[in-house]
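Inspection log for the structure reproduced underneath, given as structure tokens.
FYI, the numbering just counts along the sequence from 1. For the numbers below, each heavy atom of this structure counts, side chains included, while hydrogens, waters and symmetry mates do not. What you see is a predicted model, and the numbers here were worked out from it, not measured in a lab.
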Amino acid sequence: MKLDAIDLRILEAVQRDGRITKLALAEEVGLSPTPCWMRLRKLEKAGIVSGYHARVAVRRVAPVASVMMEVTLGNHRQVDFDRFERAVTAIPEIVACWSVGGGVDYIVKIMASNIDAYQRLVDDLLDREIGIARYFTYIVTKTVKEETVLPVSVLLSQESVSDS
């Protein structure tokens, strides 16, 4: 789907405020409400807008340990990747998992109540024999930047520059 400048403004606005009213969105992007709403629905149907979420300041609710973990599997057949990915998607404390190129196979982000809970989770993963050959743990001591708003217009302008 080809996006124009208005679509980009809509995406940026709903990322900043998923609860924005139809009228406020229309005013912000410079359209009347009905065409603006139709564009938003089109973006949703195309899967470009995939959901609306609240950003929760979890540390205000309970203590939490944020942990990044590098994982290398022992074997690299598709069945090994599939087994590992099925296991991690079923664990709520694993809030993100990226398959990566380079020296490791996955980077995993884990939110646990404390370091002991994290270690119990890792022990459970190892007991399941899901193919983990090696892992390295990185405890997050301070979040410097964690954006949920994606720089869509910046990314698209870089794409058009690289296509030239």
Side-chain angles (χ1 to χ4, degrees), residues 1 3 7-21 24-25 28 40-41 43-159 162:
M1 177 177 184
L3 304 178
D7 293 325
L8 294 177
R9 289 196 302 267
I10 290 171
L11 291 175
E12 289 169 350
V14 297
Q15 282 188 98
R16 280 191 311 277
D17 182 3
R19 296 175 59 175
I20 192 168
T21 66
L25 179 61
E28 188 166 331
L40 178 58
R41 288 289 175 229
L43 292 167
E44 291 170 346
K45 286 181 182 173
I48 294 170
V49 174
S50 59
Y52 298 89
H53 311 278
R55 188 171 178 171
V56 176
V58 70
R59 283 183 173 80
R60 290 179 176 239
V61 178
V64 66
S66 300
V67 181
M68 303 299 283
M69 185 170 81
E70 292 180 352
V71 175
T72 303
L73 300 182
N75 294 302
H76 292 96
R77 298 168 302 184
Q78 190 59 49
V79 66
D80 301 308
F81 294 117
D82 292 344
R83 179 178 51 240
F84 176 81
E85 291 171 14
R86 269 192 315 276
V88 300
T89 57
I91 300 170
E93 295 92 340
I94 296 178
V95 297
C97 178
W98 300 275
S99 175
V100 295
V104 298
D105 296 317
Y106 294 94
I107 304 290
V108 180
K109 181 178 179 182
I110 299 167
M111 303 291 283
S113 57
N114 55 45
I115 300 304
D116 185 54
Y118 162 74
Q119 190 57 55
R120 286 192 312 271
L121 185 146
V122 170
D123 291 343
D124 179 58
L125 286 174
L126 296 172
D127 286 345
R128 290 185 193 194
E129 298 183 7
I130 59 172
I132 298 174
R134 190 176 72 217
Y135 71 94
F136 292 96
T137 298
Y138 302 93
I139 307 299
V140 176
T141 57
K142 176 177 149 183
T143 300
V144 176
K145 181 176 181 179
E146 185 174 43
E147 287 295 325
T148 57
V149 176
L150 304 174
V152 177
S153 57
V154 173
L155 295 172
L156 288 176
S157 68
Q158 291 169 351
E159 178 185 277
S162 64

Open item on the list: Test your reading of the model: is there a side-chain donor-acceptor pair from S50 to the backbone of G47, 3.5 Å cut-off?
Closed with: no
Open item on the list: Quick check: do Y135 and L125 have side-chain heavy atoms less than 4.5 Å from each other?
Closed with: no
- [ ] Drop me the distance from I115's CD1 to I139's CD1, to the nearest 0.5 angstrom.
- [x] 3.5 Å
TODO: State, yes or no, whether a side-chain contact exists between M68 and V108 at a heavy-atom distance under 4.5 Å.
DONE: no
TODO: May I ask you to decide whether R120 forms a salt bridge with D123, counting only side-chain N to carboxylate O separations under 4.0 Å?
DONE: no
- [ ] Check Y106 against V100 and note the closest heavy-atom contact, atom names and distance.
- [x] N-CG2, 4.1 Å
Task: Note: R9-E12 ion pair, threshold 4.0 Å (strictly below) - done: no
TODO: Using a strict cut-off of less than 4.0 Å between a Lys/Arg side-chain nitrogen and an Asp/Glu carboxylate oxygen, indicate whether R86 and D82 qualify as a salt bridge.
DONE: no
TODO: Considering non-hydrogen atoms only, spot the tightest contact between D116 and N114 and give its length.
DONE: N-OD1, 3.1 Å
- [ ] Please round to the nearest 0.5 Å and tell me the distance separating atom CD1 of I107 and atom CD of E70.
- [x] 4.5 Å
Task: Distance in Å, S99 OG paired with D105 CG, rounded so as to fall on 0.5 Å steps - done: 7.0 Å
Open item on the list: If you compare all heavy atoms of T137 against all heavy atoms of V67, which two are closest, and at what distance to 0.1 Å?
Closed with: CG2-CG1, 3.5 Å
Task: Residue pair M1 / A46: nearest heavy atoms and the distance that separates them - done: SD-CB, 3.6 Å
Open item on the list: Has N75 got a side-chain atom pairing as donor or acceptor with D80's backbone, closer than 3.5 angstrom?
Closed with: no
Task: Nearest-0.5 Å distance that lies between atom OH in Y118 and atom CD in E93 - done: 12.0 Å
Open item on the list: Less than 4.5 Å apart, side chain to side chain, heavy atoms only: is that true for L3 and I48?
Closed with: yes
- [ ] Please determine which of Q15, R19, E44 meets the side-chain hydrogen bond (donor to acceptor under 3.5 Å, both in side chains) test together with Y52.
- [x] E44
- [ ] Identify the heavy atoms of L73 and A133 that sit nearest to each other, and give their distance.
- [x] C-CB, 3.7 Å
Task: Nearest non-hydrogen partners of G103 and T72, listed with the distance - done: O-OG1, 4.0 Å
TODO: Kindly compute the distance separating CD (E85) from CD (Q78), expressed to the nearest 0.5 Å.
DONE: 7.0 Å
Task: Atom pair CZ (F81) and CD1 (I130), whose distance is rounded to the nearest 0.5 Å - done: 13.0 Å
